[in-house]
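Working notes, beginning with the structure itself.
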Protein chains: 2
Amino acid sequence: MTSTDPTPRPSVRPTRQRRAVAAALAGFDDFRSAQEIHDLISQQGESVGLATVYRTLATLADAGEVDMLRNEDGEAIWRSCSDTHHHHLVCRTCGATVEVEGPAVERWTSAIATEHGYADISHTLEIFGTCPACR
Amino acid sequence: MTSTDPTPRPSVRPTRQRRAVAAALAGFDDFRSAQEIHDLISQQGESVGLATVYRTLATLADAGEVDMLRNEDGEAIWRSCSDTHHHHLVCRTCGATVEVEGPAVERWTSAIATEHGYADISHTLEIFGTCPACR
DNA sequence: CGCTGATTGAGAACCGTTGTCAAACCCGCC
DNA sequence: GGCGGGTTTGACAACGGTTCTCAATCAGCG
């Protein structure tokens, strides 16, 4: 509210815990739940509280550095991501993930939305299947 | 496992409770949570256990008579639907929903999946925006 | 009418996620 | 190097949606 406030950014500190979460994410190339990430960190000898893992993931997601989506059970799963808009093809058995881009889909969704008079459009599209290795 | 089993269908009985859930669903044309549906039934003087509401919704969803999807918090929300495969254009302000079909999207997703060797494909696609009335 | 399997409801259990709050920590400053 | 104050953390409780349990009840059929 105070427009004269001289410190607009809350200053995110690079702590050991945040580094551990980032490292764990870098070690995966597919989507993992917060608990799995927490387990991996523990197995590597580090100790980071589960609440901190959640907090850090939420921060990273806000910053656009990780994708967060929900599996079919409604659980949140995370993965580091490229910075362009894209969708995912996820193996529902092993979690193997392929990033896919679909200009056609982008065009189709905005066309449909415009056609119905909807503005300020966003969309979610995820594809689930069984990957070659899991069949 | 017993391929000789003579009664493949478990026979779903049309009970008072199931009728109440169906009636509640018919009264909405947008997505509602199980608890909201349960509340509506209570307000109408009927008494149906929450667990029964969940069970009935799950059954209806299996039968393809209602759509179930997840909002951004991961909660399940339901709505009665037409029996063809389709997606939704949902107003993020008032919840107004338009059912849309996208043969192009269906084709695109299965093409992408096949291309990467994924089988047994399913997908989720929802479009969010602001409807004409809410702008 | 009586049988039998399907269905129900109340509440406990479950589980992912978020809130609480005192202790620990980081960083700029003296 | 030592301080000071806001940031971050972790252990744990709390929360909320969903599912499970199981005895009581019900629906349809002979």
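On a predicted model such as this, the values are computed, not experimentally measured, just so you know. Every chain is numbered from 1, with letters handed out A, B, ... down the list of sequences. Side chains included, hydrogens not; waters and symmetry mates left out as well; all remaining heavy atoms used.
- For B:Q17 and C:dG9, the shortest distance from a side-chain N or O to OP1 or OP2 is below 4.0 Å.
- Rounded to an integer number of Å, the gap from CG of A:N71 to P of C:dC15 is 15 Å.
- Atom OH in B:Y54 sits about 16 Å away from atom P in C:dC15, given to the nearest Å.
- The nearest heavy atom of DNA chain D to B:R16 and to B:E75 marks one nucleotide each, and the one closer to the 5' end goes with B:E75.
- Although no hydrogens or angles enter the test, the distance criterion places a donor-acceptor pair under 3.5 Å between the side chain of A:T56 and the main chain of A:T52.
- Comparing the end axes of the helix from C:dC1-D:dG30 to C:dC30-D:dG1, each fitted to five base pairs by superposing C1' atoms of four pairs onto the next four, gives an inter-axis angle of 20° (nearest 10 degrees).
- B:Q35 has no side-chain polar atom (N or O) that falls below the 4.0 Å cut-off from OP1 or OP2 of D:dG16.
- Looking at B:D73, its side chain never comes within 3.5 Å of a backbone N or O of B:E75 through a donor-acceptor pair.
- The aromatic ring centres of A:H88 and A:F128 sit 6.0 Å or more apart.
- Out of D:dT18, D:dC20, D:dG10, the shortest distance to the side chain of B:A51 is found at D:dC20.
- When the side-chain nitrogen and oxygen atoms of A:T15 are compared with OP1 and OP2 of D:dT8, none of them lie within a distance under 4.0 Å.
- In this structure, B:E36 contributes its side chain and B:S33 its backbone to a donor-acceptor pair below 3.5 Å.
- A donor atom on one side chain and an acceptor atom on the other are found under 3.5 Å apart for A:R92 and B:S122.
- Distance CZ (B:R18) to P (C:dG9): 11 Å, rounded to an integer number of Å.
- Rounded to whole Å, atom P of D:dT19 lies 15 Å from atom NE2 of B:H38.
- Contact annotation for B:S33: no contact, since no heavy-atom pair falls under 4.0 Å across all strands.
- In summary, the aromatic rings of B:H123 and A:H87 are positioned with their centroids too far apart to meet the 6.0 Å limit.
- Spacing between atom CG of B:L60 and atom P of C:dT7 amounts to 12 Å, rounded to whole angstrom units.
- Computed from coordinates, the A:D73 CG to D:dG17 P distance equals 17 Å when rounded to whole Å.
- Across the protein-nucleic acid pair, B:R55 atom CZ and C:dA6 atom P stand 14 Å apart, rounded to whole Å.
- Judged by distance alone, the side chain of B:R16 and the main-chain N or O of B:S47 form a donor-acceptor pair under 3.5 Å.
- Nucleotide D:dT18 holds its P atom 15 Å from the CZ atom of B:R32, rounded to whole Å.
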